[in-house]
Visitor: 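First the structure, which I've put down as structure tokens, then a few questions once you've had a look.
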Amino acid sequence: MTSGILHVDMDAFFASCEVARRPELRGRPVIVGGLGARGVVSAANYPARAYGVHSALPMAMARRRCPRGVFLSPDFTEYKRVSDSVMAIFRDVTPLVEPLSVDEAFLDVRGARRLFGEPREIAEGIRERIFAEHDITCTVGVAPTKFMAKLASTKAKPDGLLVIEPDGVLAFLHPLPVSDLWGVGEKTASSLARLGLHTVGDVAALPVARLRAAVGQAAALHLHELASGRDPRTVNVTREEKSVGAETTFDTDVSDPDVLRRALLELSNKVGSRARRAGYVGRTVTVKIRFDDFRTITRSRTLHTPTDVARELFTLANALLTEHSGGAALRLIGVRLEGLVETGRVARQPALGEREHGWRDAEQTVDSLRERFGAKVVRPASLLDPAAGDH
DNA sequence: TCTGGGGTCCTAGGACCC
DNA sequence: TCTGGGGTCCTAGGACCC
């Protein structure tokens, strides 16, 4: 096997996008994240990281560490625009592109060599083009497998390129800490440490059976493979979505049932319209409830017939919420639709429930109006306010 | 310092069926 | 009278990733 898998990762993506469109920010610490009372950092550029600011850090802490930083609210529309354009650059090289998120992707360039040269040259070309067109740096890892490519890019950050040849895999891999393995977070790292396993090499040397006792069947097999430099996963161009959800954390805890109802309706509308736009219906509705002490529960119900109607999501979610929140002060609520199936692949529901059909039509009308006139313009009272629509 | 929001995958128990 | 073994679905929770 040769090293033909690329992992491309944008450096501090959200912050880089902001600097790119506001050049006067270059060189200054830029921090993108929620500006509300309970916001956390989504992205910090490298000048900000010098102050100890990193993603997931509470914004309050970030301000303390970096009082002269520039603090910005995320603009996902802009990041998606840049992301789409970057992904298009990848697809100019090969159709075998697997986006992992808005700011990273795997590419299989083994078939692109006759046209574009060795993987290293391809990687350099991609880095140059992204920088030329978007003023954003990225880091590319090149390796024989997905995991090794991702590891390579992590180690070469920022603005870097690292090629790991097949015969160099184990020497690179085995001295690294177990936490560098994909799927090993804080908890798993502790479990492994209790077995005396600290490096990737330690994990590779242990029989899978002993690993199984510590981390479970699936993780044991997976980790042992990765630690041994093997990774059978191929670059997957068509990944299907499994769920769509929305959640919100309140600035201060909420116990007022009316406020909770309205928030839940808004979340349900968001989930419904995103499902409809993506062309999915789903059968299982899950509500997520986080109490003031951070204890978090989920409660779900599965429908007979899949839906994409926000009103149905809301009705179900609201029943679950009132049943399980017990009037307590809540920090967060969320709604998720799971068990997704493409809308066209589901037999249309026979005329049961005129009301649901009425709601679906109404919501679709809102969808198309929004497409034409913008989300802010079209907000009918019936969808905004539960009390107005029911009677 | 006080903990976001979008997801995926795995585990485990119970129900139910053959 | 005591009791199997496998498969699937549903629900809840948790770890992890970006």
Side-chain angles (χ1 to χ4, degrees), chain A residues 7-14 31-44 52-66 73-74 76 79-80 83 99-106 146-147 150 153-154 157 178-192 212 214-223 226 233 236 239-253 267 270-271 274 278 283-304 320 324 331-340:
Chain A
H7 179 257
V8 187
D9 201 347
M10 305 291 135
D11 301 325
F13 185 56
F14 295 177
I31 295 141
V32 179
L35 299 185
R38 289 169 164 171
V40 301
V41 175
S42 294
V53 176
H54 53 83
S55 37
L57 187 75
M59 286 293 256
M61 190 60 190
R63 286 182 194 281
R64 218 154 308 158
R65 291 189 185 179
C66 187
S73 183
F76 294 107
Y79 311 150
K80 182 69 167 62
S83 175
L100 281 186
S101 68
V102 74
D103 71 338
E104 58 179 304
F106 285 115
K146 280 175 144 184
F147 170 59
K150 184 160 171 62
S153 74
T154 304
K157 267 183 165 304
V178 289
S179 54
D180 278 345
L181 289 169
W182 236 78
V184 175
E186 210 181 324
K187 307 280 179 176
T188 307
S190 308
S191 302
L192 295 174
R212 198 174 297 144
V215 301
Q217 166 82 9
L221 290 174
H222 180 242
L223 291 186
L226 294 189
R233 298 171 303 170
N236 186 352
R239 283 213 296 189
E240 292 202 358
E241 284 156 275
K242 303 279 193 329
S243 71
V244 39
E247 62 187 56
T248 187
T249 295
F250 302 114
D251 280 349
T252 56
D253 299 339
L267 293 169
K270 205 188 265 187
V271 171
R274 292 214 318 243
R283 286 184 62 214
T284 304
V285 179
T286 303
V287 294
K288 179 170 169 182
I289 303 169
R290 177 167 290 155
F291 298 96
D292 52 3
D293 63 357
F294 223 74
R295 188 172 62 93
T296 307
I297 62 171
T298 58
R299 290 294 179 269
S300 61
R301 205 96 91 199
T302 299
L303 299 159
H304 283 107
L320 290 166
H324 294 101
R331 181 189 180 92
L332 167 153
I333 58 174
V335 183
R336 180 164 294 278
L337 182 63
E338 299 171 78
L340 300 185

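To find a chain, count down the sequence lines: A is the first, B the second, and so on, and within it residues start at 1.
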Visitor: Mind checking if A/Leu57 touches a base, just sugar-phosphate, or nothing, with heavy atoms under 4.0 Å?
Guide: nothing

Visitor: At less than 4.0 Å, is any side-chain N or O atom of A/Lys150 found next to OP1 or OP2 of C/dC17? Yes or no.
Guide: no

Visitor: If you find the nucleotide of DNA chain C closest to A/Arg283 and the one closest to A/Thr298, which residue's nucleotide is nearer the 5' end?
Guide: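 Its nearest nucleotide lies further toward 5', so the answer is A/Arg283.
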
Visitor: Is A/Ala60 touching bases, backbone alone, or none of the nucleic acid, heavy atoms closer than 4.0 Å?
Guide: nothing

Visitor: Under 3.5 Å, side chain of A/Arg274 to main-chain N/O of A/Gly245, donor-acceptor pair present?
Guide: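 A pair under 3.5 Å: yes.
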
Visitor: For A/Lys288 and A/Thr296, run side chain to side chain contact (heavy atoms under 4.5 Å, CB included): C-alpha distance rounded to whole Å, both residues' side-chain angles, the deciding distance at 0.1 Å, then the answer.
Guide: CA-CA 7 Å; A/Lys288 179 170 169 182; A/Thr296 307; 4.0 Å; yes

Visitor: Any side-chain N or O of A/Thr302 less than 4.0 Å from the OP1 or OP2 oxygen of C/dT11?
Guide: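 Answer yes for this pair, as a side-chain N or O of A/Thr302 is under 4.0 Å from OP1 or OP2.
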
Visitor: Without decimals, in angstroms, what is the distance between A/Arg299 CZ and C/dA12 P?
Guide: 5 Å

Visitor: How are the rings of A/Phe106 and A/His7 set relative to one another: parallel (under 30°), tilted (30 to 60°) or perpendicular (over 60°)?
Guide: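 Judged by the thresholds at 30° and 60°, the geometry between A/Phe106 and A/His7 is tilted.
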
Visitor: Once you apply the 3.5 Å cut-off to both distances, tell me the Watson-Crick or G-U wobble partner of B/dC18, or none.
Guide: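 B/dC18 is paired with C/dG5.
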
Visitor: Please state whether the phosphate of C/dG13, meaning OP1 or OP2, lies under 4.0 angstrom from any side-chain nitrogen or oxygen of A/Arg295.
Guide: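 For A/Arg295, the contact criterion (side-chain N or O under 4.0 Å from OP1 or OP2 of C/dG13) is not met.
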
Visitor: Reading nucleotides 3-9 of chain B 5' to 3', which nucleotides get B (base under 4.0 Å from a protein heavy atom), which S (sugar-phosphate only), which -?
Guide: BBBSBSS

Visitor: Test A/Arg38 against A/Asp253 for salt bridge (Lys or Arg N to Asp or Glu O under 4.0 Å), laying out the working first.
Guide: CA-CA 11 Å; A/Arg38 289 169 164 171; A/Asp253 299 339; 2.9 Å; yes

Visitor: Whole Å only: how far is the NZ atom of A/Lys157 from the C1' atom of C/dC18?
Guide: 11 Å

Visitor: Would you sort out whether A/Leu57 and A/Arg65 count as a side chain to side chain contact (heavy atoms under 4.5 Å, CB included), showing the intermediate values?
Guide: CA-CA 11 Å; A/Leu57 187 75; A/Arg65 291 189 185 179; 4.1 Å; yes

Visitor: Between A/Ile289 (CD1) and C/dT11 (C1'), how many Å, whole number?
Guide: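 These atoms are roughly 14 Å apart.
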
Visitor: Mind checking if A/Gly34 touches a base, just sugar-phosphate, or nothing, with heavy atoms under 4.0 Å?
Guide: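 No contact.
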
Visitor: Using a heavy-atom cut-off of under 4.0 Å over every strand shown, decide if A/Thr188 touches base, sugar-phosphate, or nothing.
Guide: sugar-phosphate

Visitor: Scan A/Lys288 against the nucleic acid and name what it touches under 4.0 Å (heavy atoms): base, sugar-phosphate only, or nothing.
Guide: nothing

Visitor: Look only at the side chain of A/Thr252 and the backbone of A/Phe250, and say whether a donor-acceptor pair between them is shorter than 3.5 Å.
Guide: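 No; judged by distance alone, with no hydrogens or angles, the pair does not exist.
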
Visitor: Rounded to the nearest Å, what distance is computed from the CZ atom of residue A/Phe147 to the P atom of nucleotide C/dC16?
Guide: 14 Å

Visitor: Answer whether the closest heavy-atom distance between the side chains of A/Phe147 and A/Leu181 falls below 4.5 Å.
Guide: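 A/Phe147 vs A/Leu181: side chains touch.
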
Visitor: Between atom CZ in A/Arg65 and atom P in B/dT1, what is the gap in whole Å?
Guide: 9 Å

Visitor: Once you apply a heavy-atom cut-off of 4.0 Å, does A/Arg301 come out as touching a base, just sugar-phosphate, or nothing?
Guide: sugar-phosphate

Visitor: Give the intermediate values and the outcome of side chain to side chain contact (heavy atoms under 4.5 Å, CB included) for residues A/Val285 and A/Arg301.
Guide: CA-CA 6 Å; A/Val285 179; A/Arg301 205 96 91 199; 5.6 Å; no

Visitor: So if I take every side-chain heavy atom of A/Asp103 and compare against C/dC18, B/dT1, C/dC16, which nucleotide ends up nearest?
Guide: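 Looking only at side-chain atoms, A/Asp103 lies closest to C/dC18.
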
Visitor: Taking atom C1' in both C/dC16 and B/dG4, what distance in whole Å separates the two?
Guide: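 It works out to 16 Å between them.
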
Visitor: For A/Ala219 and for A/Arg64, find the nucleotide of DNA chain B with the closest heavy atom, then tell me which residue's nucleotide is more 5'.
Guide: A/Arg64

Visitor: Whole-Å distance between C/dC17 P and A/Asp9 CG?
Guide: 14 Å

Visitor: Starting at CZ of A/Phe76 and ending at P of C/dC18, how long is that distance when rounded to a whole Å?
Guide: 16 Å

Visitor: CZ of A/Phe250 versus C1' of B/dC2: gap in Å, rounded?
Guide: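 Answer to the nearest Å: 19 Å.
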
Visitor: Looking at the side chain of A/Ile297, which of C/dG13, C/dA12, C/dC16 is the nearest nucleotide?
Guide: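 Comparing C/dG13, C/dA12, C/dC16 against the side chain of A/Ile297, the answer is C/dG13.
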
